[in-house]
Number of protein chains: 2
Amino acid sequence: MTARILIVEDELAIREMLTFVLEQHGFVVTAAEDFDSALDMICEPYPDLVLLDWMFPGGSGIQLAKRLRQDEFTRQIPIIMLTARGEEEDKVRGLEVGADDYITKPFSPKELVARIKAVIRRSSPTSLEEPIDVQGLMLDPISHRVTVGDQVLEMGPTEFRLLHFFMTHPERVYSREQLLDNVWGTNVYVEDRTVDVHIRRLRKAIEPSNHDRLIQTVRGAGYRFSTRT
Amino acid sequence: MTARILIVEDELAIREMLTFVLEQHGFVVTAAEDFDSALDMICEPYPDLVLLDWMFPGGSGIQLAKRLRQDEFTRQIPIIMLTARGEEEDKVRGLEVGADDYITKPFSPKELVARIKAVIRRSSPTSLEEPIDVQGLMLDPISHRVTVGDQVLEMGPTEFRLLHFFMTHPERVYSREQLLDNVWGTNVYVEDRTVDVHIRRLRKAIEPSNHDRLIQTVRGAGYRFSTRT
DNA sequence: CAGTTTTATTACAAAATTATGATCATAAAC
DNA sequence: GTTTATGATCATAATTTTGTAATAAAACTG
């Protein structure tokens, strides 16, 4: 599935717990602890879902939710609210503002993951599961396979995620740091240069069909997936 | 992003630390150590953000902030105040004067950068990321590319930044020194004449489509990017 | 017009950045 | 408990970029 999830939660313990659980289940996780850094992380490339603590400092969750719903680009990002037991009113308000679902603390990891998957499935029947075709290079998230015609291209899991990210975010430079955040997940400490190596492997994997030209080096800036020269 | 930031801070150590951190993150940094030189650097071309120490000699930060808010041209430049812990009153006054945010020392580089990005995004949601088109010459900061029609123009990182600066500050002469400050960043020791060479390279890069005529030599003064003859 | 100043151009070596292959550690599979 | 994959780093090669200096060309000055 490899959806990218943004967690907005001020309590460190809960944030880490959520991060751990979701990463266990194969999500790429980004975490923010306050309003500002959340806004910061909400910019392109957008997460596939936002997990939002209801009450957190620097602006309540409701404000952030409203903000997301105002901007046309973020409007469609599904939101799941985390609420404490008994805040029944909040639930109502949350759903009014446009949250797609809510979960009451405490909750089980199982429930959390189930709801997340449900919401994602519901909201983006396409973008995450639909096969992507760029100039004959086909990536099918469901069968988890990359093909050109009926030729299957072999690559490692990281290369697959990297390619997937690129194909869903074309025509845009990403720094090594950004790629690490979006493909590896944040809170991973990995050398910048490691990206180079995986770029190399990905290029080699899609080289036979000449699609390696789609992965372009932008000197001093990072890499870009583009169909233009 | 390539935003230009002016730091106003009297303590050398902090000034250097801030400069270092921000340059690491790709900002172009200018630094002033007192009121006068700050005013000096505040003239056109305006920075995209001012990072202002609250208490600094030759006029407190509040005065500078007020001054910036008075002038119609500088009014919209976002300001972030640096305050020492415990100066709670000051924070309030700072925000009254029109600071967009404040950071309490000591702070982490991560927080600093996050706040700066948040403030910049809030204040100029576009100008830094929007593609610029001047007579068919297109510069797209997002894909980090310069095109004419569907022809891609190749150039080095410095030429790209130089062109970006020109396109966002047209119809105005800039001395070599000013160009160095705004495109290379201050605290770089580079020969004046080096600008000539990069102008040459930039002209050569955009020559195929005849856009090199936009970069005009102003003898005795510097260079200008202009659509007029 | 000759002399002076300023800019244009070219060439080149140093510096910075990226590419690539090999290695080692670790996790997954058998 | 091996064997096999996979992933991160390191080391080194290959490229690109950059600053400077040297020279040519152009633009002023008187």
Side-chain angles (χ1 to χ4, degrees), chain A residues 2 23-26 28 144 146 153-165 173-207 212-225, chain B residues 2 23-24 26 28 144-146 152-165 173-181 183-207 212-225:
Chain A
T2 324
E23 284 183 343
Q24 282 289 312
H25 284 266
V28 172
H144 206 274
V146 181
L153 302 182
E154 300 292 342
M155 66 184 73
T158 303
E159 283 69 55
F160 184 86
R161 288 202 308 276
L162 185 56
L163 180 58
H164 190 203
F165 177 77
V173 201
Y174 289 101
S175 68
R176 293 178 173 71
E177 216 172 317
Q178 287 176 311
L179 289 172
L180 285 175
D181 281 353
N182 287 288
V183 177
W184 277 251
T186 26
N187 22 358
V188 279
Y189 160 67
V190 171
E191 200 71 26
D192 262 21
R193 291 284 142 208
T194 297
V195 174
D196 297 31
V197 179
H198 285 277
I199 288 281
R200 162 66 176 147
R201 290 173 182 159
L202 178 52
R203 277 175 173 157
K204 201 182 264 179
I206 63 178
E207 196 170 71
D212 57 319
R213 72 198 148 71
L214 296 176
I215 296 173
Q216 303 166 355
T217 302
V218 182
R219 210 150 222 277
Y223 296 94
R224 172 181 55 204
F225 186 85
Chain B
T2 323
E23 285 183 343
Q24 282 287 312
V28 172
H144 207 276
R145 198 153 34 186
V146 180
V152 174
L153 302 182
E154 301 290 346
M155 66 185 71
T158 304
E159 283 70 58
F160 185 87
R161 289 200 308 276
L162 184 57
L163 180 59
H164 191 200
F165 178 77
V173 200
Y174 289 102
S175 69
R176 293 178 173 72
E177 214 170 319
Q178 286 177 310
L179 289 173
L180 285 175
D181 281 354
V183 176
W184 276 252
T186 26
N187 22 351
V188 280
Y189 158 67
V190 171
E191 202 69 28
D192 261 22
R193 289 286 140 205
T194 298
V195 174
D196 296 31
V197 178
H198 283 278
I199 288 281
R200 161 66 177 147
R201 289 173 181 157
L202 177 52
R203 278 176 173 156
K204 199 184 265 178
I206 63 178
E207 195 170 72
D212 57 319
R213 71 197 149 71
L214 297 176
I215 296 173
Q216 303 165 356
T217 303
V218 183
R219 210 184 159 76
Y223 297 94
R224 174 182 54 204
F225 186 85

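Just so it is clear: chains get the letters A, B, ... in the order the sequence lines come, proteins before strands, and each one is counted from 1.
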Within the structure provided, determine whether A:Val28 and A:Asn182 are in side-chain contact (heavy-atom separation under 4.5 Å). no
Take the protein atom CG of B:Asp196 and the nucleotide atom P of C:dT5, then report the distance between them rounded to whole Å. 17 Å
Nearest non-hydrogen partners of A:Arg224 and A:Val173, listed with the distance: CB-CA, 4.3 Å
Is there any salt bridge (Lys or Arg N to Asp or Glu O under 4.0 Å) pair reaching into residues 191-200 of chain A, and which pairs are they, with sequence neighbours excluded? A:Arg176-A:Asp196, A:Arg193-A:Asp196
Roughly how far, to the nearest 0.5 Å, is CD of B:Glu159 from CD1 of B:Ile199? 9.5 Å
Reckon A:Phe160 touches a base, only the sugar-phosphate, or nothing at all at heavy-atom distances under 4.0 Å? nothing
Check this one for me: any side-chain N or O of A:Lys204 less than 4.0 Å away from OP1 or OP2 of C:dA19? no
A:Arg219 and B:Pro157 have their tightest heavy-atom pair at O-CG, 3.7 Å
Within the pair B:Arg176 and C:dT6, is there a side-chain N or O less than 4.0 Å away from OP1 or OP2? no
Sugar-phosphate atoms are those with a prime plus P, OP1 and OP2; base atoms are the rest. Using that split, label each nucleotide of nucleotides 9-22 of chain D B, S or - for protein heavy atoms under 4.0 Å, 5' to 3'. BB----BBSBBBB-
Could you check whether the rings of B:His198 and B:Trp184 sit parallel, tilted or perpendicular, using 30° and 60° as the cut-offs? perpendicular
Using the C1' atoms of the five pairs at each end, what is the angle between the end axes of the helix from C:dC1-D:dG30 to C:dC30-D:dG1, to 10°? 30°
When you measure from the side chain of A:Arg200, which nucleotide among C:dT20, C:dT10, C:dT7 comes out closest? C:dT20
Interatomic distance, B:Asp181 atom CG to B:Phe165 atom CZ [nearest 0.5 angstrom]: 9.5 Å
Tell me: CG of A:Leu180 to P of D:dG7, nearest whole Å? 14 Å
Would you say that more than 12 heavy atoms from the other residues, nucleotides or ligands in this model lie under 6.0 Å from the CD of B:Glu177, or not? no
From OH of A:Tyr223 over to C1' of C:dT20, roughly how many Å is that when rounded to an integer? 11 Å
In whole angstrom, give the distance that lies between atom CZ of A:Arg203 and atom P of C:dT20. 7 Å
Where do A:Thr158 and A:Val183 come nearest, in terms of heavy atoms and distance? O-CG1, 4.3 Å
